[in-house]
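Numbering of ligands and ligand atoms starts at 1, following listing order.
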Amino acid sequence: MNPYIVGLVVPLLFSYVLRRKGEKKRGLPADVGGEPGYVLRNYRFTTPVESHWEGITTLAELFEQSCKHFSDNRLLGTRKLIASEMEQSPDGRSFEKLHLGDYEWLSYAETYAAVCSFASGLVQIGHGKDERVAIFADTRAEWQIALQGCFRQNVTVVTIYSSLGEEALCHSLNETEVSTVICGHKELKKLIDISGQLDTVKRVIYMNDEGISKEISLAEKSTQWTISSFTDVEKVGQENPVTANMPLPADVAVIMYTSGSTGLPKGVMMTHGNILSTCSAVMTIVPALGSKDVYLAYLPLAHVLELAAETVMAAAGCAVGYGSPLTLTDTSNKIKKGTKGDATVLGPTLMTAVPAILDRVRDGVRKKVDTKGGLSKKLFDMAYNRRMNAINGSWFGAWGLERILWDILVFKKVRAVLGGRVRFLLSGGAPLSGDTQRFINICLGAPIGQGYGLTETCAGGTFSEYDDTSVGRVGAPLPCSYIKLIDWSEGGYLVTDSPMPRGEIVIGGPNVTPGYFKNEDKTNEVYKVDERGMRWFYTGDIGRVHSDGCLEIIDRKKDIVKLQHGEYVSLGKVEAALSVSPYVDNIMLHADPFHSYCVTLVVPARQALENWASKQGISFSDFADLCQKQEVVKEVQGSLVKAAKQARLEKFEIPSKIKLMPEAWTPESGLVTAALKLKREVIRKTFAEDLSNLYA
Ligand SMILES: *[C@@H]1O[C@H](CO)[C@@H](O)[C@H](O)[C@H]1NC(C)=O
Ligand SMILES: *[C@@H]1O[C@H](CO)[C@@H](O)[C@H](O)[C@H]1NC(C)=O
Ligand SMILES: *[C@@H]1O[C@H](CO)[C@@H](O)[C@H](O)[C@H]1NC(C)=O
């Protein structure tokens, strides 16, 4: 038969058979110990997976095996810096602009040699057997080399978000008694600032950056530290090799400090076995993952999602090219005009993303289409709707000739933003809005796998499979985890609820970590071991399970507030609904048991609001001035009410009063976490006066 006809008939039959069989069950009931609840497992595995690779039990073994197997393949790629210059913006601030060249690659064999040298060098410069190393730097090739080097010497690595504040940084280094810190240029600056408070640090290894010599001489003058360059450590190790001191599966590989939404960060201990089981599970969910794949690495490696993703890529023989959020695309902030972004140069086939970044991609594309207007916009809207219909049911459009036509006419250009070759996107860190998921699905033509997991479960939990076209859900359990829902009666969520069981999400499996470093109380509060020896983590998230065994996150225990008259308000749910308003860039709902209504702080979407204002002929001196105007507040509030009605919110959930905040909420200002989640406590404290005025 003509292959073209086969191409049409096979999906036809397939879809027919699927429909006849009813929906695909992705999560199945399971028999486990511990507290009673509604339990699910992955449909392909009866017991949780510990290792995907025969005979491999630690990350050190995994990496060694992979390097030997894929020796001549490309592994770590870094872009060559051609020039860096400062540019003045109209308002007088200056920005760094980079001109970056092609990727330069280390093969698997070369990377392995570098890792072995670094591991030996670390011992040679005096890092002791039971001491810990901290890696405090942006994501880059040396980060991975240092990590693997430490693993080969059974050295535990402490990871710290590079955007963490001073207090948190001091706390993490001090609590883990780190003796060697590996850092980049701007992190060295931060370390020098707090050097007086770091009692245990003895050595600093800096990654070779241009212009770092000033900080080095400052550190040499003002601290007692021994300062070495990354390349020097490698060189010493290469000349004086030390035998590897391989870890065991239960040894702690990483202590990861996560930016909590309240108080000081907590260090989550992760064993080699924990990370290995998550990685094993991820291996099974990315379709046809292999040595042809190219992965663009740009999220913080201090985040478990990126750490697990890169570990998987290196185990599967992929090429990992490094980039950064500020140089990702041709139009990214730090890219010099007329030069190319990371994605364009690398042409990745796989990427991970946090929802905030995907939202930005979506808004960027929408804006471009809107400003072009005319025929382009009509064509785009038409293509988008056709594809949406196709996904919604009439599958022919999704697979047939029409798809190819729209791709050439419209979507090819959108796809080019991320290099044009992306075939799979992994999203995690926070729930992705259904709207963004659809938009990215349609425009990139690439499926998004959405994961749900926590640092405490080593990113393992659930995962929505590539062939699941529904939105707003996080999928079935990963092969490494059980998911259990348990009753939370105070909040009104029960596993006996109809039509779906609901409750607090508890995760069990080999990916569940031993707990928080030096914090037994907190560990015992949220981790439990059942009578069969299985570890469970109590997430505090509220979920419900659909009939096909997929999980949907619907709430968070601590984000539910009981109002004066006894109604419960779920802050996250309401914020998500209100965010649909085109005027919202960021929003925090505030509810209070002493009042019967909610209020909200809104960071408005500047462009949208200014456009509206100029259409109305409203004059203003600057954005802060605009945000104070009565008619502007009224317009935004009207739009929030509209969004609330669309989402069928209750009357008490709709904010009665709002305040517009002209300054953006960024991780640097400490108002949101590095993953761009709201830090409610901090925002409440910072804007306490504004909030109380809203109740006045
Ligand atoms: C690895 O290091 C930890 C902590 O220093 C130690 O408890 C453990 O026994 C070591 N493992 C091996 C195999 O030496
Ligand atoms: C560092 O830790 C020690 C105990 O381990 C404590 O006494 C000291 O106050 C801590 N210093 C800082 C700056 O946190
Ligand atoms: C597709 O289905 C979704 C949800 O079922 C709905 O919101 C949307 O309006 C539909 N789109 C089209 C174009 O029919």
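Counting only N and O atoms by type, the side chains of Y322 and E310 include a donor and acceptor under 3.5 Å apart. A donor-acceptor contact under 3.5 angstrom links the side chains of T352 and Y295, judged on distance only.
Evaluated by nearest non-hydrogen atom to atom 12 (C) of ligand 1, the leading choice among T58, N154, L248, T156 is N154.
Near M246, meaning under 4.0 Å from any of its heavy atoms, are these atoms of ligand 1: 13 (C).
Aromatic ring orientation, F118 versus F230: parallel (interplanar angle below 30°, classes split at 30° and 60°).
Nearest protein neighbour of atom 8 (C) of ligand 1, counting heavy atoms only, is D251 OD1, 3.4 Å. Ranking protein heavy atoms by distance to atom 5 (O) of ligand 1, first place goes to D130 OD1, 2.6 Å.
Between the S464 side chain and the G475 main chain, no donor and acceptor come within less than 3.5 Å of each other.
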